[in-house]
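Chain identifiers are assigned alphabetically (A, B, ...) following the order of the sequence lines, protein sequences preceding nucleic acid strands; residue numbering begins at 1 within each chain.
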Amino acid sequence: MEVAKVENATRVYKTGKVETHALRGVSLTIENGEFTALVGPSGSGKTTLLQLIGCLDQPTSGRVFIKGKEVSKLNRNQRADLRRRELGFIFQFFALIPTLSAYENVEMPLLLAGQSAAERRQRVMELLKAVDLTERAHHRPDQLSGGEQQRVAIARALATNPTIILADEPTANLDTANGKQVMDIMTRLNQETGVTFIFATHDPRVIQYARRVITLRDGMVAENGAQQPHTGD
Amino acid sequence: MIQLFKLALRNLGRNRRRSFFSALALGIGLALLMLMAAFVEGEMGSAIDLAIRLQSGHLQVRAASYDETKGSLKWQDLIENPEQLAAQVAALPQVRVATPRLFASGFVAVRDSSTGVRVWGIDPASPANEPYRQGLLSGEFLKADDRQGILIGLSLADRLKLKPGDTLTLSINTSSGDIVEQPFTVRGIFTTGTASFDRVTVLLPLSKAQTMAQAENHASTIFILLSDKSQADAVAQAIQTPNYKVLTWLEMNELIMQTEEMASGYMVFLYLIVLVITATVTMNALIMAVFERTREIGILAAIGMKGRRIMAMFLAESTLLATGGIILGILLGLLIVGYFTRYGFYIGEFGINTFYIANRIYTKLTVEDTLNLVALSFIITLLAGVYPALMAARMEPVEALRGGE
Ligand SMILES: Nc1ncnc2c1ncn2[C@@H]1O[C@H](COP(=O)(O)OP(=O)(O)O)[C@@H](O)[C@H]1O
Ligand SMILES: [Mg+2]
């Protein structure tokens, strides 16, 4: 099943009189359950493309579909609902709310979804266990290491059982060991839950985790690889 | 809802000093307004009470042609057989005191200095003289048959350096238009706590004043005090006669009532100014918070928080700030107002002949004023929170996310 589809999307940023063509006609399709790397040099448009798929931004021209729904036809609130239901985000900076504990950060999307306290508690504990942070549940972000914070972010992204998780250079600010741990967890979750991952990176060690690699160059798709089956390690 | 306030409380806790000071600004503003309201209430309340006690009473009966500003002593402008009329009025159940008084103008001379005064002939035995009798500082009160004695106010005594036992020369205009002059002995010195009264008023026994002004068996007015001032109209109806007019304290103190109304108008204006200033402080603190938390707003939007909820989050913060500020304000305000209600506020010798202001004002805070001020400051602070909250709610998630990078 197609979970995301980008049709001939362009994105032009205007800063004053300068126009930057971040994307110049990108088309691609993402199937359910993919574990796909978006690679390319810095400035090639990876972040911009993730933001379009993530309904955080709109293309200048072209269309984006999430599970067959055209995003540009939705209003602000409907896009917020779509993000909450279908999409999870992991950012390069560890995007947690500093006043909330690990537990409460993971709980936030469930709160927004209107789940009951009992449902939330069960789900949060399950998620923290999945990212191996049960013991750190009541720590604030500033009491957690970078790797731990990124794992909390993964748990939060996964909370509402989204269809797609978008990760923008999730390991860029981590050392090798923590980067590996984060990629291992993402791989495991992809295999166990079937959630689709699209992650941007230019780190070869991260690229090797991917089962499909899409290469961007100058805002265009330079190489569009095919999906490889699970390696079964 | 609970989560919203929990979150808001933690967010305020992130910059405790800023939150505290913006709540304090509101608190100080509110306390200041409570003090102002209590001061005006105390001042106005005392202005009316003073005017009633010292000057107008609750009712006065006068000759139909009597003109207060001219103070005529012609017989047709006076009340004949005033004692009899006063006794009739005093017999009414609502009436506490009714006593005749004669007003004349004159001046007092001692050695080489002299000053204009109003001469009041009073019945020394009447309880209506309580303000002067109680305010007697030295010497003794007048007696009805005293033919040489006079009572003078403190300010006048100070000015002319007089003490009990000293003599002065009093001249007054008589009913025939002549001026008569006679030496008097100062029997006592009184104060009403109101310099503008004490400076100009001298008291004589009624019968002496009548003889001197050639107005025997006549009075300018019957001065009436009731047990309840709201009965004034009813009693006025009851004692209406064709030759005389009956004036109520409301009619006689129109100026004070008008001033009071005007003052409350000004007060609302002042309230708004003070509250707009404190609201600006709150608004500033919230705008700073929105800017500082731009990226967080982006994250929340990314995980699906809608604009409405982001707005509610910031409104919850201003609600908490307002609540905190108001609690601080009430505590501070009660403390300050409590002090001035007890010890008063010395404003000095102030006021004019037609508008008495006590030298010391005791603040008086009403529940109504307090509730109005609390509601007003709450609403204005909440309104101040709307703009920052809208700013946060309208941020585009991408822009917000980039904002923190
Ligand atoms: N908000 C923006 N305003 C102007 N230019 C932008 C903005 N965001 C990205 N760009 C430009 O668009 C191009 C693509 O950026 P980006 O998608 O961030 O690439 P990548 O993530 O691959 O590094 C770059 O040239 C970048 O400078
Ligand atoms: Mg990027």
Once you round to the nearest 0.5 Å, how far does [atom1] of [X] lie from [atom2] of [Y]?
X         : Y         : atom1 : atom2 : result
Glu396(B) : Gln51(A)  : CD    : CD    : 11.5 Å
Arg79(A)  : Lys306(B) : CZ    : NZ    : 12.5 Å
Ile303(B) : Leu110(A) : CD1   : CG    : 9.5 Å
Asn105(A) : Ile299(B) : CG    : CD1   : 8.5 Å
Arg309(B) : Asn77(A)  : CZ    : CG    : 12.5 Å

Using non-hydrogen atoms only, which part of Arg156(A) is less than 4.5 Å away from chain B: side chain, backbone, both, or neither?
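For Arg156(A), the side chain is the part near chain B, not the backbone.
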Region of Leu96(A) in contact with chain B, defined by heavy-atom distances below 4.5 Å
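The backbone, not the side chain.
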Answer yes or no: does atom [atom1] of [X] have more than 12 heavy-atom neighbours from other residues, nucleotides or ligands under 6.0 Å?
X         : atom1 : result
Glu368(B) : CD    : no
Arg394(B) : CZ    : no
Glu261(B) : CD    : no
Arg308(B) : CZ    : no
Phe21(B)  : CZ    : no
Arg76(A)  : CZ    : yes
Gln122(A) : CD    : no
His139(A) : NE2   : yes

Between [X] and [Y], which heavy-atom pair has the shortest distance, and what is it?
X         : Y         : value
Asp57(A)  : Val398(B) : CB-CG2, 4.0 Å
Thr99(A)  : Arg10(B)  : O-NH1, 3.0 Å
Ala302(B) : Phe91(A)  : CB-CZ, 4.2 Å
Arg84(A)  : Gly304(B) : CB-CA, 3.8 Å

Heavy-atom distance under 4.5 Å to chain A: side chain of Arg293(B), backbone, both or neither?
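For Arg293(B), there is no contact with chain A at all, as no heavy atom is under 4.5 Å.
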